[in-house]
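Notes for the one structure printed next.
Numbered from 1 within each chain, the chains take letters A, B, ... in sequence-line order. Side chains included, hydrogens not; waters and symmetry mates left out as well; all remaining heavy atoms used.
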Amino acid sequence: MVGEHLLEVKNLKTTFLTEMGSVVAVDGMSLHVDYGETLGLVGESGCGKSVTAESIMRLLDERTTKYEGEILFKGQDLLSLPEKKMVDIRGNEIAMIFQDAMTSLNPVYTIGNQIVETILTHQKVSKKEAYEKAIEMLRLTGIPSPEKRILEYPHEISGGMRQRVMIAMALSCKPSLLIADEPTTALDVTIQAQILDVINELKKELNMGVIMITHDLGVVAEVCTRVAVMYLGQVIEEAPVDNIFTNSLHPYTKGLLKSIPKIEGDRNKKLYTIEGIVPSLHNIPKGCRFAPRCSFADEQCRTQSPVLKETDGGHKVRCWHYEKIGQMEEKIDVTATS
Amino acid sequence: MKAYILKRFISMIPVLLIVATIVFFLIHLIPGDPAAVILGPEATPEEVEKLREELGLNLPLYSQFFYWLIGIFQGDLGDSIYMNKPVLQAFVEHIGPTLSLALLAQAISIIIAIPIGVLAAKKQGTFVDHLFMLIAMFGMSLPSFLFGLLLMLVFGVHLQWLPAAGYQPLGAGIWEHLKYMILPAFALGMIQAAVIARMTRSSMLDILSMNYIKAAKAKGLKERVVIYKHAFRNAFIPILTILGETFGSLITGAVVTETVFNLPGIGQLVVNSIVRRDYAVIQGTILIMATTYLVLNLIIDLLYGVVDPRVRLNRK
Ligand SMILES: Nc1ncnc2c1ncn2[C@@H]1O[C@H](COP(=O)(O)OP(=O)(O)O)[C@@H](O)[C@H]1O
Ligand SMILES: [Mg+2]
């Protein structure tokens with residue numbers, strides 16, 4: 001079908017029914033992913049990245065969670081699928097890897113058992129074939145002597161190896177969409193780069209779409225083709241990756257960019273941080289959600305919610321004053337350089 | 001592994017020594033004289049004194065204790081002065097009903113409690129969950145003898161489905177044996193079941209919130225597989241501990257239940273021996289029970305290794 005995305009989330013709203021009343025963790029979320037591209041989903045911790053991911057997979061406890069909107073995967077709305085059908089999509093068509101590989105593997109089963117189980121759930125192959133496939137996947141993720149590793153338990157291997165195992169498991173059924181929820185946050189820098197490489201390689205090989213969730217813009221620069229920036233359950237800016245770094249429009253995105261630690265330069269210089277704290281979901285600001293922390297906010301920002309507006313070339317922003325702010329900064333830049 | 005087991009066995013010796021000492025002196029603190037009990041109220045003081053000498057009861061307490069200990073190390077638990085046979089023989093004659101009662105009660109409690117605990121966790125916060133946990137709470141606060149009497153009254157006396165009390169050994173046929181065991185085993189097992197069900201539920205709830213459960217679901221596993229394969233095996237580790245602990249209360253519970261249902265088991269043997277001041281039997285029986293308890297706990301510990309590979313590694 002022409003114009004059909006691999007995944008298209010339209011106006012997703014995820015509400016938790018808690019004892020203290022209901023909270024809307026994701027509100028009016030729209031995004032899309034195509035085959036072979038990596039969409040970065042960024043934002044400070046608590047802004048709803050994981051909830052978005054788990055809503056797409058429908059992993060949240062449906063007794064206390066309400067989903068609204070549409071999640072079109074290959075044109076089919078996942079939110080209207082019965083759980084019985086959803087089970088065939090999870091791990092098979094859409095796979096997910098998690099932040100904490102340490103705790104994402106079951107401690108009482110061998111690595112082999114856990115990968116084979118996924119394969120046997122979704123494919124009609126013999127146990128022996130499944131084991132061979134599992135070894136093959138482990139090899140693809142760069143695990144040395146996989147035929148030995150497969151007999152080991154999660155506690156017997158390192159954190160980096162475990163994340164590779166998670167990737168091998170996630171990709172064992174050749175999904176068309178991979179959701180990686182902060183896959184490298186818990187790992188040290190060298191291992192981080194290796195894991196990102198593995199994901200990138202396998203993405204090309206399988207022509208998958210990838211949603212790379214992270215709060216690390218360094219990771220975004222390295223692997224993403226497009227970026228959606230989230231704030232308090234909403235996308236506030238979305239653009240091709242280069243635009244985000246050279247021509248970001250939203251004050252929040254600019255703040256995030258300014259707070260990246262630079263390797264070169266003055267190490268003693270205090271890192272920039274965005275003022276204020278993320279408001280609680282019980283107390284969402286009226287108008288623009290970022291207004292209380294924004295130095296450009298005026299009366300309009302505090303009373304009316306801006307919509308996500310397309311500017312040009314697939315660049316979208318949710319801000320009343322992005323044009324004005326852009327002009328003002330240009331002036332500052334000019335005076336600074338002259 | 002073998003070294004570990006050997007180490008555990010050796011570490012039992014001091015524990016048993018302490019148990020032996022406490023039991024010995026506690027029992028000898030009870031006023032009363034076995035010689036007088038054996039000879040009856042008609043006996044003259046001279047006759048009693050003569051028997052005391054024969055039985056070695058006139059020796060100082062510490063030398064009696066010493067002789068007893070030496071005997072134990074030689075594998076001799078002594079003789080029953082009242083029944084005139086070795087303690088071990090008396091024990092073997094009475095172990096049948098107790099063993100049967102304990103095993104049946106444990107089996108009943110596990111079969112009932114674990115599925116209920118799992119179901120309650122799965123349905124957390126619903127009516128089913130609240131109902132089961134209310135029943136369990138009630139069960140835990142009910143003394144087993146009261147529950148036993150209740151069962152006896154309803155099913156034994158009123159409905160007359162089963163004999164109210166008494167005993168037939170396994171040799172008389174399985175059904176004949178079970179007929180007498182069902183009510184006491186239920187009386188004892190249901191109380192245990194309450195404890196185990198609550199433990200199972202809370203342990204399952206802990207595990208169900210783990211990351212690897214979410215990851216298992218993300219792999220496309222059916223809820224049934226997530227719960228029984230991924231969650232239950234992990235939740236079973238703390239349940240094992242409870243099974244070990246409840247076995248302790250099972251032994252004391254068995255003594256009470258045997259009395260209520262008039263089963264000729266170890267409980268009855270001990271109670272009768274206390275009345276008769278039959279020191280050797282009381283001491284020997286308690287020592288055997290303590291050993292059994294320790295060995296059972298060792299077995300439970302070894303089972304951890306079977307369920308949890310992380311434990312296996314540490315013991316190498
Ligand atoms: N089950 C839940 N019940 C209530 N609130 C939740 C639940 N799960 C997440 N939240 C809230 O939703 C918000 C978004 O969380 P999350 O998506 O995990 O953030 P992050 O962007 O760091 O991944 C947080 O404020 C969190 O407290
Ligand atoms: Mg998260």
Validation row: B:Lys214, A:Glu54 side chains within 4.5 angstrom (heavy atoms)
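Yes, at least one pair of side-chain atoms sits under 4.5 Å.
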Sort out for me which of [options] touches chain B most, counting heavy-atom pairs under 4.5 Å.
options: A:Ala170, A:Pro107, A:Pro154, A:Gly91; answer: A:Pro107
options: A:Asp100, A:Ile94, A:Asn113; answer: A:Asn113
options: A:Gln99, A:Met86, A:His122, A:Lys84; answer: A:His122

Relative to chain A, which segment of B:Val225 carries a heavy atom at a distance below 4.5 Å: side chain, backbone, both, or neither?
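Contact with chain A is through the side chain of B:Val225 alone.
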Per the side-chain hydrogen bond (donor to acceptor under 3.5 Å, both in side chains) rule, which among B:Lys229, B:Arg233, B:His230 passes with A:Asn106?
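So, applying the side-chain hydrogen bond (donor to acceptor under 3.5 Å, both in side chains) to A:Asn106 and each of B:Lys229, B:Arg233, B:His230, only B:His230 qualifies.
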Can you say whether [X] sits under 4.5 Å from chain B via the side chain, the backbone, both, or neither, judging by heavy atoms?
X: A:Ser104; result: both
X: A:Leu59; result: both
X: A:Arg58; result: backbone
X: A:Met102; result: neither

Taking the side chain from B:Lys219 and the backbone from A:Thr118, do they hold a donor-acceptor pair closer than 3.5 Å?
no
Donor-acceptor pair, side chain of B:Asn211 and main chain of A:Thr103, under 3.5 angstrom
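It does not hold such a pair.
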